[in-house]
Protein chains: 2
Amino acid sequence: MANNSADKRVTLTDVAKLAGVSKQTVSRVINDSEHVTDETRIKVQQCIEVLGFRPSALARQLSSGRSYTIGVVSCGGLGYLVSGVAYVGMVRQADKMGYALLIKELTDFSPGSVRTMLDYLIERQVDGLIWAGPEMGDSHVWLNDFDLDSLPMPMVVVNARQRGKADTVAFDNFEAGRMATQHLLSLGRKRIGHISGPMSRWVAQLRVAGWQKALDEAGLPECKEYYAEGDWEPGTGGPGLRRLLELCPKLDAVFVGSDRMALGVLHEAHRLGLRVPEDLAVIGVDDAPESAFMIPPLSSMTQDTPAMAERALRLLVRRICERRGEPYPALCAQAEDPVMHHQLVLRESTLGKS
Amino acid sequence: MANNSADKRVTLTDVAKLAGVSKQTVSRVINDSEHVTDETRIKVQQCIEVLGFRPSALARQLSSGRSYTIGVVSCGGLGYLVSGVAYVGMVRQADKMGYALLIKELTDFSPGSVRTMLDYLIERQVDGLIWAGPEMGDSHVWLNDFDLDSLPMPMVVVNARQRGKADTVAFDNFEAGRMATQHLLSLGRKRIGHISGPMSRWVAQLRVAGWQKALDEAGLPECKEYYAEGDWEPGTGGPGLRRLLELCPKLDAVFVGSDRMALGVLHEAHRLGLRVPEDLAVIGVDDAPESAFMIPPLSSMTQDTPAMAERALRLLVRRICERRGEPYPALCAQAEDPVMHHQLVLRESTLGKS
DNA sequence: CTGAAAGCGCTTACAG
DNA sequence: CTGAAAGCGCTTACAG
């Protein structure tokens, strides 16, 4: 194995010299160009071996204008679990298509720091941009102000409101809220409350709206009063449930904005001596790995976050290729629906023992 | 706001031309060199504004040999949750010190793919390397084969076995296993079983060893028989517990390798009519956000993974600066202990109702 | 304090 | 199929 240690960088020029050919020819070999004799190719490859030559990606990028790097803007905050899982999906997918991910974290949402972030990524000449982070309040206002077409590269927004011309890959959270509520209705429940995630979040807002819609459709608008706001975490499940019971002592079902909060709800119900689902049916969202093992096992809605991240990445690579007039890699050859859907997963917390 | 759209890249040369100075002077201005008249500086800065000039990080890197990029090799696998949380910690910390993270995923552990991975990162001239991924079986054998000093940049290994000269930041999982077991012993339990993570994992092995050590110290070596292997996930907790009860029907305590598996154990105990902790004391590891809300609330051991990731990053930046003879950024100015420690968090699953 | 030159390591046209 | 030249956009010495 060659020894390209700290000594001195081996360059294409060195290889060319040793092989007795031009730099251009060496370049052709490392880029798998067809216009090279087998003889020449082999000779060059041997010299590459011998010298332990590794082309500098940096130099290549500078001269070719292509970086095979995708910039990821994340804003983790409390959503770190989801972000984390999503990261893994993105890394894998990027890798398969030959891209690396350059990850930067947005620490605040001022237009200034957004601008700085974008400039930084532009400076590094990323081929495309993934905007991955929860949409908090008006954090995406800049998307309106900005002329996205002025970005020198395509961008895909993940799990946030669709805006203007920016591509977006997101779950249909309105539908999720509606479906969860409809399930509770189908069980004959009439007093259905909701504990939502933080209302500054787009995702939480939509789930609330879906819940309300289902209630209206069922002719139970009064239930819309049975509402409490949480923060996605287990700790707000219990207080949320108590609040709901204050508002409606006869509450018979609750749709909880996340499985983690639902854990808190189950815990509190147990403490209060409420039987689940006999007295209170509970359904969450996420279908966390834990949910099947809660007491009782929790009904929920699957949400395949890694799949969303992967889909976003494939879409982005499509856009990158489109702009450059290059063919698509096989993985993103066909267009996919940018809207992701949840699916009901029913367990004891709504169905009871089977 | 300047309009640097897809048109044409604005370069340092353009600025120099407009300002009527040399490129070198513009370079000085953007690098905050002191040897520039205020007058010149202001003039240049204005031209930069007007043209919307953004220096190319790529060009800078190529000519300066410094990329301010840290390569992260991850191998997610089932440990995605932990990896995800760790990612966020790393991204944040890197950002604060002016580095970006370039993330690559290792898909298999053959020496070849490890070599390819390292070459790739070297090609991209990352300033340093983080090896972040669970140590599976002999996956780190290459660390022995490789002469780490031949790497052109420093590397820090996260949460894996200490090897040779490579810096390592990791939890003391042996101590964790011992402490958890000692806690159960202190409650007067005499038949203490263990359900471990996959034994191909270094972390799991150490926790098992710590448990055994504590049993030996307590003069209860026979308990070492009460053992089952799981996979960290909730689904293996129940089967693990049943296995333990086969081996020792009078089992009175169990140390579970992860809180997620412990959830499965609690679920199964509930099903079997075993009271926790009266009949069976249960303690996990991780102190997951869910643990305080399990039924009953789970005793555990905190494990601050983001903190570990951040510490690893700080250490790496220290090493980078050392090699280059540069001063340390404030954040990593002082050396830190590379060994991280768990802490007991006691709840009802071992202590009972207070 | 400022500038002209050379160079970082590759790729892109353009010839032959 | 192969090569000599120019260029990607900066920075690093070296002069003045």
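Letters A, B, ... mirror the listed sequences (proteins, then strands); counts begin at 1.
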Distance in angstrom units between [X] [atom1] and [N] [atom2], rounded:
X        : N      : atom1 : atom2 : value
B:Arg124 : C:dG9  : CZ    : P     : 17 Å
B:Gln61  : D:dC8  : CD    : P     : 18 Å
A:Arg41  : D:dC1  : CZ    : C1'   : 11 Å
A:Asp14  : C:dC8  : CG    : C1'   : 13 Å
B:His35  : D:dA13 : NE2   : P     : 14 Å
A:Glu39  : D:dT2  : CD    : P     : 8 Å
A:Asn31  : D:dC1  : CG    : C1'   : 16 Å
A:Leu12  : D:dA4  : CG    : P     : 14 Å

So which of B:Ile70, B:Leu331, B:Ile320, B:Leu316 actually passes side-chain contact (heavy atoms from CB on, under 4.5 Å) with B:Met97? B:Leu331
What base-paired stems does DNA chain D take part in, with at least 3 consecutive Watson-Crick or G-U wobble pairs and both distances under 3.5 Å? C:1-3 with D:14-16, C:5-12 with D:5-12, C:14-16 with D:1-3
Does a donor on one side chain and an acceptor on the other come within less than 3.5 Å for B:Arg124 and A:Thr69? yes
Any side-chain heavy-atom pair from [X] and [Y] closer than 4.5 angstrom?
X        : Y        : value
B:Leu315 : B:Glu336 : no
B:Arg41  : B:Asp38  : yes
B:Asn31  : B:Arg60  : yes
B:Met155 : B:Leu121 : no
A:Val158 : A:Met90  : no
B:Ile48  : B:Val44  : yes

Examine distances only and state if a side-chain atom of A:Thr37 and a backbone atom of A:Glu39 form a donor-acceptor pair shorter than 3.5 Å. no
OP1 or OP2 of [N] sitting under 4.0 Å from any side-chain N/O of [X]?
X       : N      : value
B:Thr40 : C:dT2  : yes
A:Ser22 : D:dG3  : yes
B:Thr37 : C:dT2  : yes
B:Ser64 : D:dC10 : no

Got a sec? Which of residues 23-30 of chain B come in under 4.0 Å of DNA chain C, heavy atoms? B:Gln24, B:Thr25, B:Arg28
Between A:Val21 and B:Ser56, whichever has its closest DNA chain D nucleotide further toward 5' is A:Val21
